[in-house]
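Please read the structure below before turning to the comments.
Everything quoted here is computed from the prediction, not taken from an experiment.
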Amino acid sequence: MKPLSDSERAELLPALDGWSLVEGRDAIRKRFVFEDFGAAFAWMSRVALAAEKAGHHPEWFNVYNRVDVVLSTHDAGGLTRRDVELAQRMDLYASGLLKA
Ligand SMILES: C[C@H](O)[C@H](O)[C@H]1CNC2=NC(N)=NC(=O)C2=N1
């Protein structure tokens with residue numbers, strides 16, 4: 001999988017909801033805040049199954065109801081379409097679960 005081209009970045013990254021570029025690294029990040037630990041972990045479980053199926057895994061750190069996520073494609077050394085797809089899937093699965 002090739003890293004995103006400049007034109008792909010310009011098109012795909014601004015369309016993502018709440019994701020931002022990580023400084024000093026070709027990666028994107030987002031903080032998800034859920035109602036409680038149960039909601040956070042339910043979401044993580046669902047994402048984990050999808051990630052395993054796709055063979056593309058997040059870097060993430062969970063404390064109680066908060067999950068800090070970083071996405072990058074290690075094999076490509078930077079952002080690829082796989083990261084964009086996983087970000088979109090994470091957002092989809094989080095809808096309705098996030099803290100108001
Ligand atoms: C063999 C296996 O599919 C690869 O090592 C996958 C696993 N999960 C991965 N996840 C991420 N984020 N980047 C990768 O390059 C990657 N590679």
Side-chain angles (χ1 to χ4, degrees):
M1 169 101 356
K2 279 185 299 176
L4 293 176
S5 68
D6 288 348
S7 63
E8 285 172 323
R9 277 158 204 273
E11 177 199 340
L12 297 170
L13 301 183
L16 292 175
D17 179 23
W19 292 84
S20 54
L21 284 169
V22 174
E23 232 177 90
R25 188 180 166 196
D26 194 23
I28 52 174
R29 69 152 165 246
K30 181 171 177 176
R31 170 168 290 183
F32 291 87
V33 181
F34 297 88
E35 282 296 331
D36 54 23
F37 178 74
F41 202 79
W43 175 80
M44 291 176 79
S45 301
R46 201 171 170 205
V47 170
L49 292 175
E52 184 61 7
K53 198 170 165 189
H56 193 67
H57 305 84
E59 299 170 28
W60 53 10
F61 181 76
N62 162 240
V63 178
Y64 181 51
N65 65 337
R66 186 182 90 216
V67 188
D68 288 313
V69 178
V70 171
L71 300 180
S72 187
T73 301
H74 311 127
D75 298 342
L79 286 167
T80 67
R81 281 184 180 272
R82 291 204 178 151
D83 301 302
V84 174
E85 284 162 13
L86 183 53
Q88 290 167 337
R89 189 171 288 273
M90 285 179 150
D91 285 338
L92 180 69
Y93 290 174
S95 58
L97 278 181
L98 296 177
K99 193 173 173 74

Measure the shortest side-chain to side-chain distance between [X] and [Y] over non-hydrogen atoms and say whether it is less than 4.5 angstrom.
X     : Y     : result
Leu21 : Ile28 : yes
His56 : Arg81 : no
Asp68 : Phe32 : no
Leu16 : Lys30 : no
Leu13 : Leu4  : yes
Val84 : Glu8  : no

I need the Met1 CE to Asp75 CG distance, nearest 0.5 Å.
10.0 Å
Main-chain N/O of [Y] paired to [X] side chain as donor or acceptor, under 3.5 Å:
X     : Y     : result
Asn62 : Arg66 : yes
Arg29 : Val22 : no
Asp83 : Ser72 : yes

Residues that Ala50 engages under side-chain contact (heavy atoms from CB on, under 4.5 Å), provided they are two or more places apart:
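By the side-chain contact (heavy atoms from CB on, under 4.5 Å) rule, Ala50 matches Arg89, Tyr93.
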Option passing side chain to side chain contact (heavy atoms under 4.5 Å, CB included) with Pro58 (candidates Leu86, Val67, Val70)
Leu86
